[in-house]
Amino acid sequence: MTAENTDPNAPAPSDFVRDIVAQHVAEKRYPKIVTRFPPEPNGYLHIGHAKAICINFGIARENSGQCNLRMDDTNPAKEEVEYIDAIVTDVKWLIEGWADPYLGFKAKGSTPAAQEFNGLADYHIAAVSPTEIAHAEPFFASHYFDQLYNYAVMLITKGQAYVCDLSPKETDEYRGSPDRPGRDSPFRNRSIAENLDLFARMKAGEFPDAARSLRAKIDMAAPNMWLRDPLLYRIRHTAHHQTGDAWCIYPLYDYAHCLSDYIEGVTHSLCSLEFTDHRPLYDWVLENLNLPRPLPHQYEFSKLIPTYTIVSKRKLIQLVNEKIVTGWDDPRMPTLSGTRRRGVPASAVRRFAIGAGVTKFKSVTEIAVFEHAIREELNGLALRRLAVLKPTRLVLTNIPAGEVIECTATDNPQDENPTTRPIHLTREVFIESDDFAEVPPPKYFRLKPGGEVRLKYACIIKCDEVIKDSAGVVTELRCTADLTTRAGGVNVERKVKGTIHWVSATHCIDAEVRLYDRLFTVPEPDADGEFLKNVNPHSLEVVTAKLEPSLKGATSTQYFQFERLGYFVVDSKDADPSKPIFNRTISLRDTWAK
RNA sequence: UGCCUGAUGGUGUAAUGGUAGCACAGGCGACUUUGACUCGCCUAGUCAUGGUUCGAAUCCAUGUCGGGCAGCCA
């Protein structure tokens, strides 16, 4: 549980978007605050999307409103159903226990209903809650294609849209450039009747791809490029994952998005900065259609870009296709599925995304902020366990072989009344190789020849002898255990500087442990456009670790802290009961290593 | 050279004409059967120049620097 959803006194985030919403609420401008999260199903959601999700769902949550999940699927060439399923899973995961009551879906198969509002024709589609209605699905822009078509006919009838026969290349030339006005298309002044006829025939499939387009008639000399008679529809003889072969003309983003918002009753359409130039077009479409209900408005904020990561679908796809990672859900990927598999709790992602704030300043957020959020969440959630990643054999010469000394270990010292479990001290144990140094550096607290250290939850031991092989590698440490320093023993209060973790050599289990590190070696991997050369060749190290036996049967829904090492989780994909595999989510903070 | 948009410690963000605060990072220390956690202390900032004002990060002007825009992508 996190402060964000348990502390009623925690101040709600404050930012310029929420200020605007608050003002609209005070003015009673809308019957209900409705936002939306509208990904295109052409890739997996990543940490950058988490910010948009948190803002949109957060505002819905704070205002008892609603946030619709909508597939912005107007370009069938780039989209796949695989992505739709993944997006739904990821969004539900991220908001679960936080904003799920505010998630808006629609009844499965429903399309916008024609209604009359204040005496005017209108289209509207109602939301349902997926937690209450079994047959619910996300919204889809493609489910509004009929209505969008009708609106386009309306624009044509008003003389505000026309069919243009210019080729893509010619259209480009006619558009001019930022510092040079464009020229009117020779087809700009076709009669309304001809436009209506041509548009109907475009829909009927009479023309090949890109032979004609429907354009808004605005201003070819506008300083804003997006107002130079932007395309509304293009011809594309391609099947759509939702509508099949029903359509061969598809609306473009600028036309479909604002109307989709309107049809759903969205009030605040929040998007990232690069759409700022599109806002006048968003408004133009809505304002020219005689729509009876209050219009939505668009507000822009900056994206969340962490250091040492890439958040560009195109580039993430490249990492997958070039097999630099094992897939979209590789634990090194900044995708939500990768992050989840890595062992990061949704609450940590939210804490990070919300903490980043909402501004119009293009910023880069240090990954350390995310790492801190992960540790903070996991510190409260993770069960402590003992595990040795790189084992060194240690023999307690004063404990007879076969003797088992039961010790009590704490599951999580952060709990008010922590539960415990038994662990077993035996003659032979494994300790971390790093926890012994034959020639210790200055201020080394751990085990050294002749030195003492405490085995956590057990007793103080003294290193008597170092056994090495012919190559000089340490193969065994021979020590004596001072059993009077055990819990309950007379010398339990005796202090030594170092405490190290260990597992019994006779009771432990083996497991594959995947040690992940940052995927990139530099803070801004794509600064020069060549992110592939900045891939960290050591982003994954696989070891066979020795684990305390209570870890047997662990599942991927449990978070663990291997004491003194870091946070770990069972890999949700590759592990099975006979083959335990753990992912290191993140190491513990280590002020000594610095 | 067009339009849009922005600039507060190393990073992110707050202060909405009235003491520049918070978090991360960094440093020092305390505590510690995790060199974790926790706690205390410290370092460090309003792009520039003018103006309005008793008072400016905030308002105005000019400048500087940055980001975005010319897909039949979203």
Side-chain angles (χ1 to χ4, degrees), chain A residues 14-16 19 38-40 42 72-75 77-79 164 166-169 171-172 175-182 209-215 222-228 230-236 249-250 252-254 256-257 271-280 300 302 304 307 313-314 355-373 375-376 379-380 384 386 409-410 413-414 443-446 453-460 485 487 492 495-501 523 561-566 587-594:
Chain A
S14 165
D15 54 65
F16 79 96
D19 288 348
E40 183 187 17
N42 67 345
D72 216 352
D73 57 347
T74 56
N75 183 6
K78 297 172 72 177
E79 300 155 8
C164 180
L166 252 26
S167 71
K169 190 158 181 282
T171 306
D172 199 40
R175 186 158 32 227
S177 63
D179 54 351
R180 182 169 45 85
D209 284 3
R212 293 181 214 266
S213 62
L214 184 73
R215 293 231 251 164
N224 181 336
M225 296 297 290
W226 291 101
L227 262 18
R228 319 247 264 222
L231 270 76
L232 269 23
Y233 272 89
R234 77 279 229 184
I235 302 173
R236 196 106 315 161
I249 58 172
Y250 292 97
L252 279 111
Y253 167 85
D254 288 293
H257 200 92
C271 60
S272 48
L273 250 27
E274 69 263 35
F275 291 103
T276 306
D277 291 325
H278 299 234
R279 192 172 63 227
E300 312 86 16
S302 73
L304 174 58
T307 54
K313 277 187 197 168
R314 209 197 87 235
V358 182
T359 65
K360 293 174 102 74
F361 176 60
K362 196 192 169 187
S363 59
V364 179
T365 303
E366 287 179 358
I367 195 70
V369 180
F370 188 31
E371 294 172 342
H372 179 261
R375 292 188 179 109
E376 192 138 285
N379 184 40
R384 311 293 124 124
L386 296 184
T410 305
Q414 305 293 320
K443 293 174 78 177
Y444 187 77
F445 293 174
R446 287 108 92 164
V453 81
R454 178 178 281 280
L455 294 185
K456 177 132 193 183
Y457 303 122
C459 61
I460 294 173
T485 58
V492 65
K495 304 290 179 200
V496 286
K497 199 67 182 164
T499 299
I500 64 173
H501 58 277
Q561 181 196 101
F562 292 174
E563 296 212 41
R564 301 209 309 130
L565 295 172
S587 64
L588 251 31
R589 189 160 168 264
D590 185 358
T591 47
W592 158 251
K594 291 165 186 165

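Labels below follow one simple rule: chain letters A, B, ... track the order of the sequence lines, proteins then strands, and each chain is numbered from 1. If you're wondering where the values come from, they're calculated on a predicted model, not measured in any experiment.
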How close or far is atom [atom2] of [N] from atom [atom1] of [X], stated in whole angstroms?
{"X": "A/R228", "N": "B/C72", "atom1": "CZ", "atom2": "P", "answer": "13 Å"}
{"X": "A/F370", "N": "B/U11", "atom1": "CZ", "atom2": "P", "answer": "21 Å"}
{"X": "A/I235", "N": "B/G71", "atom1": "CD1", "atom2": "P", "answer": "19 Å"}
{"X": "A/E40", "N": "B/G71", "atom1": "CD", "atom2": "P", "answer": "18 Å"}
{"X": "A/D179", "N": "B/U1", "atom1": "CG", "atom2": "P", "answer": "11 Å"}
{"X": "A/D172", "N": "B/A70", "atom1": "CG", "atom2": "P", "answer": "10 Å"}

From [X] [atom1] over to [Y] [atom2], what is the distance, rounded to the nearest 0.5 angstrom?
{"X": "A/S177", "Y": "A/R228", "atom1": "OG", "atom2": "CZ", "answer": "6.5 Å"}
{"X": "A/I249", "Y": "A/D209", "atom1": "CD1", "atom2": "CG", "answer": "12.0 Å"}
{"X": "A/K360", "Y": "A/S272", "atom1": "NZ", "atom2": "OG", "answer": "11.0 Å"}

For atom [atom1], what is the distance between [N] and [M], given to the nearest Å?
{"N": "B/U58", "M": "B/U52", "atom1": "P", "answer": "15 Å"}
{"N": "B/U16", "M": "B/G21", "atom1": "C1'", "answer": "15 Å"}
{"N": "B/G27", "M": "B/A36", "atom1": "P", "answer": "12 Å"}
{"N": "B/C47", "M": "B/U38", "atom1": "P", "answer": "33 Å"}
{"N": "B/C31", "M": "B/G67", "atom1": "C1'", "answer": "47 Å"}
{"N": "B/U8", "M": "B/A44", "atom1": "C1'", "answer": "12 Å"}
{"N": "B/A74", "M": "B/C69", "atom1": "P", "answer": "16 Å"}
{"N": "B/G26", "M": "B/C60", "atom1": "C1'", "answer": "40 Å"}

Who does [N] pair with, Watson-Crick or G-U, both distances under 3.5 Å?
{"N": "B/C28", "answer": "B/G40"}
{"N": "B/G55", "answer": "none"}
{"N": "B/G35", "answer": "none"}
{"N": "B/C47", "answer": "B/G63"}
{"N": "B/U8", "answer": "none"}
{"N": "B/A20", "answer": "none"}
{"N": "B/C72", "answer": "none"}

[X] near the nucleic acid: base, sugar-phosphate alone, or nothing, with a heavy-atom cut-off under 4.0 Å?
{"X": "A/Q561", "value": "base"}
{"X": "A/K313", "value": "nothing"}
{"X": "A/L588", "value": "base"}
{"X": "A/A77", "value": "nothing"}
{"X": "A/S302", "value": "nothing"}
{"X": "A/R236", "value": "base"}
{"X": "A/Y250", "value": "nothing"}
{"X": "A/R180", "value": "nothing"}
{"X": "A/S177", "value": "base"}
{"X": "A/L166", "value": "base"}
{"X": "A/R175", "value": "sugar-phosphate"}
{"X": "A/H278", "value": "base"}
{"X": "A/Y444", "value": "base"}
{"X": "A/R384", "value": "base"}

When you compare the protein's N or O atoms with those of nucleotides 14-23 of chain B, which come within less than 3.5 Å of each other, and at what distance?
| residue | atom | partner | partner atom | Å |
| --- | --- | --- | --- | --- |
| B/U16 | O4 | A/D19 | OD2 | 2.4 |

Without swapping roles, check the side chain of [X] against the backbone of [Y] for a donor-acceptor pair under 3.5 Å.
{"X": "A/R375", "Y": "A/S587", "answer": "yes"}
{"X": "A/D277", "Y": "A/N224", "answer": "no"}
{"X": "A/T499", "Y": "A/R454", "answer": "no"}
{"X": "A/S213", "Y": "A/L231", "answer": "no"}

Exercise. Does a side-chain N-to-carboxylate-O contact under 4.0 Å join A/D172 and A/K169?
Worked result: no

In terms of side-chain heavy atoms of [X], which of [options] is nearest?
{"X": "A/K362", "options": "B/C72, B/G67, B/G26", "result": "B/G67"}
{"X": "A/W226", "options": "B/A74, B/G6, B/U33", "result": "B/A74"}
{"X": "A/R589", "options": "B/A25, B/A70, B/C73", "result": "B/A25"}
{"X": "A/T365", "options": "B/G12, B/G35, B/A70", "result": "B/G12"}
{"X": "A/D590", "options": "B/C37, B/A70, B/G35", "result": "B/G35"}
{"X": "A/F361", "options": "B/U33, B/G12, B/A25", "result": "B/G12"}
{"X": "A/D277", "options": "B/C69, B/C72, B/U33", "result": "B/C69"}
{"X": "A/P413", "options": "B/U33, B/A36, B/U34", "result": "B/U34"}

For this session: Assign B/G66 to syn or anti; the rule is syn for a glycosidic angle within 90° of 0 and anti otherwise.
Result: anti

Exercise. Hey, does A/W592 have a side-chain heavy atom less than 4.5 Å from the side chain of A/K443?
Worked result: yes

Problem set entry | A/Y457 and A/T410, any side-chain heavy atoms less than 4.5 Å apart | yes

Problem set entry | With A/E40, the side chain to side chain contact (heavy atoms under 4.5 Å, CB included) member among A/N75, A/T74, A/D73 | A/N75

For this session: Could you say whether A/A356 or A/V496 is positioned toward the 5' end of RNA chain B, judged by the nucleotide with the nearest heavy atom to each?
Result: A/A356

Seminar exercise, completed: Whichever of A/C459 and A/G355 has the more 5' nearest nucleotide on RNA chain B, that residue is A/G355

Which atom pairs link the protein and nucleotides 57-59 of chain B when you take only N or O atoms and keep those under 3.5 Å?
none

Is there a donor N/O on one and an acceptor N/O on the other, under 3.5 Å, for the side chain of [X] and the base of [N]?
{"X": "A/R564", "N": "B/U34", "answer": "no"}
{"X": "A/E300", "N": "B/U5", "answer": "no"}
{"X": "A/E366", "N": "B/G10", "answer": "yes"}

